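Accompanying notes for the structure given below.
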Amino acid sequence: MQIQFLGTSASPAMPLPFCQCEVCTVARHRGGKNLRRRSSLLLNQEVLLDLGPDIVTASYAYNIPLTGITVCLQTHPHEDHFDPELIISRHPEYGSQQMTPLLLGGSQKTLSMLDVLIQRRCAYGSLFTPQTQQALQLEVVKISPYSPITLGPYHIIGYPANHATEHDALLYSITDNNAALFYGTDTAAIVEDVWHDLKARNMRYDLVVLDHTYGIGYPTSDHLATDEFIRHAHRFAQDHLKDTGRIYATHLSHEGIREHTALQEYASHYGYHIAYDGLQVTI
Ligand SMILES: [Zn+2]
Ligand SMILES: [Zn+2]
Ligand SMILES: [Zn+2]
């Protein structure tokens, strides 16, 4: 599996556009890995995790094609993870040609909210009707928590996130014959039922990507902060990581976060890594 991070920030991007705190000021000054787009991940250039608002600029910046995407798995419908305009641009009125058909997956409540967001912006009809699906060249795939589905070579399990529960937000376990990925943003502390299921299935990952919105000295609230992230990293490393497996932090904001190199140095003491935009990982 070829993994590419298209974005690694929380909702306001990073640095925050109007913030002059030390973290944002240093990030602005140093640039590079400190400049983060809204979170999204691409797998084998064909499976997208979250149709985020910055995936197009990321694709230009890192020369990553999006035209081969066949599956988009939505974690939830928050605006930093879903840009309805990108779906709307598939309509014939926009004149896109030779599009790859798309499977748009998510929980039923997330799919329903995506439909609301799309219909607020256009009159192309509901995502759940055959006419609209044909016009947009997509199908919707409902993913129920703990129920594995197979899409092409990928075995996918959605797990309930501890975040946006009104939308039944999902974390995703994706495996193929060679590798296993756990994508865990957005979430606060992962609930025990999820850990039990991972244990029951004896899941071991090559790559675990986890929410790290808040940094050192901040509490976990609707997202993980450093202390709780480290506990999660240890738990994954102990029970659900292959010997060569790696754990990456994503969805970073500015509270308690350090400049990238300093934060990476901090993280390496606890056995994890800090993702950055454009990072490629082969597992
Ligand atoms: Zn988010
Ligand atoms: Zn700031
Ligand atoms: Zn969210």
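In each ligand, atom 1 is the first atom listed, and ligand 1 is the first ligand listed. Remember, it's a predicted structure, so these values are computed and weren't measured experimentally.
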Practice prompt. State yes or no: are the ring centers of F182 and H240 separated by less than 6.0 Å?
Written response: no
Discussion item. How about OH on Y94, more than 12 heavy atoms from neighbouring residues, nucleotides or ligands closer than 6.0 Å, or not?
Written reply: yes
Discussion item. Check for me: within less than 2.8 Å of the Zn ion (ligand 1), which protein N/O/S atoms show up?
Written reply: D80 OD2, H81 NE2, D186 OD2, H251 NE2
Worksheet entry | Verify same cluster id: L102, L51 (apolar side-chain graph, 4.5 Å) | yes
Sequence neighbours excluded and cut-off under 3.5 Å, please list the side-chain donor-acceptor pairs for residues 227-236, or say none.
unit_1	atom_1	unit_2	atom_2	d
E228	OE1	R231	NE	3.3
E228	OE1	R231	NH2	3.0
E228	OE2	H232	ND1	3.4
H232	ND1	E228	O	2.9
H232	NE2	I190	N	2.9
R235	NH1	E192	OE2	3.0
R235	NH2	E192	OE1	2.9

Worksheet item: If you count the non-hydrogen atoms of other residues, nucleotides and ligands that lie under 6.0 Å from CD in E139, is the total more than 12?
Response: no
Fill in: Flag, side chain of R30 to backbone of L35, donor-acceptor distance under 3.5 Å
no
Item to complete: Could you name each residue pair satisfying ring pair (Phe, Tyr, Trp, His ring centres under 6.0 Å) that touches residues 112-143, not counting sequence neighbours?
Response: H91-Y124
Worksheet item: Does atom CD of Q280 have more than 12 heavy-atom neighbours, drawn from other residues, nucleotides or ligands, at distances under 6.0 Å?
Response: yes
Worksheet item: Hey, is CD on E85 packed in by over 12 heavy atoms from elsewhere, all under 6.0 Å?
Response: yes
Discussion item. Listing by chain and number, which protein N, O or S atoms are under 2.8 Å from the Zn ion (ligand 2)?
Written reply: C19 SG, C21 SG, C24 SG, H254 ND1
